[in-house]
Student: 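A single structure is presented below for examination.
Heads up: numbering here begins at 1 and tracks the sequence. The analysis underlying the following values was restricted to heavy atoms, covering all of them including side chains, and did not include hydrogens, waters or symmetry mates.
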Amino acid sequence: MDDVPYARLSTAERERALYELAHHLSVGRLHPAEFEDLTMRAAAATSRAELAELLAELPGQAPRPSTEPPPRPLAAVATLSALVVLAAIGMSAMAGNWLWLLTIPVAPIVILGVRGIVARRAA
């Protein structure tokens, strides 16, 4: 919390305190009844001093939540699959042969299979 302990709380500060309380509950430092009481008091707090008093007995701080978006593991597969579809349609039109369209259902299966093999080798 900042320098002015009696300043009004922002929503972000209140949410950070609630996140810390949830972290302490998840690691077993708080009983569910204590968590409920402290959560209600934190939600009703109006100053930084009130929040500091609630969190004073809890050891340390919870790790900061990540601000990075979660990874999208299937985005690359979707992009590659879309390229395969476009290539299959293009090849089918240029060659005048519908058999190129059979690569459309096969390509994602191959891509996911190769991706799984690579992931297993990396683990």
Student: Any side-chain heavy atom of Leu9 within less than 4.5 Å of one from Leu51?
Tutor: yes
Student: May I ask you to check whether Glu15 and Thr11 show a side-chain donor-acceptor distance below 3.5 Å?
Tutor: no
Student: For Glu53 and Ala49, indicate whether the former's side chain and the latter's backbone hold a donor-acceptor pair under 3.5 Å.
Tutor: no
Student: To the nearest 0.5 Å, what is the distance between CE (Met40) and CG (Leu54)?
Tutor: 12.5 Å
Student: Applying side-chain hydrogen bond (donor to acceptor under 3.5 Å, both in side chains), can you list everything that pairs with Ser26, at least two apart in sequence or on another chain?
Tutor: none
Student: Quick one, Leu38 and Arg41 - any side-chain contact, counting heavy atoms below 4.5 Å?
Tutor: yes
Student: Could you tell me the separation between the CZ atom of Arg16 and the CG atom of Leu21, rounded to the nearest 0.5 Å?
Tutor: 10.5 Å
Student: If you round to the nearest 0.5 Å, how far is NE2 of His24 from OH of Tyr19?
Tutor: 10.5 Å
Student: Output a table of donor-acceptor pairs, distance under 3.5 Å, between side-chain atoms of residues 85-97 and any protein atom two or more places apart or on a different chain; print 'none' if there are none.
Tutor:
unit_1: Ser92; atom_1: OG; unit_2: Asn97; atom_2: O; d: 3.1
unit_1: Asn97; atom_1: OD1; unit_2: Leu99; atom_2: N; d: 3.0

Student: Which atoms form the tightest heavy-atom contact between Arg29 and Glu34, and what is the distance?
Tutor: O-OE1, 4.4 Å
Student: For residues 100-108, which side-chain donor-acceptor pairs fall under 3.5 Å, sequence neighbours excluded?
Tutor:
unit_1: Thr103; atom_1: OG1; unit_2: Trp100; atom_2: O; d: 2.7

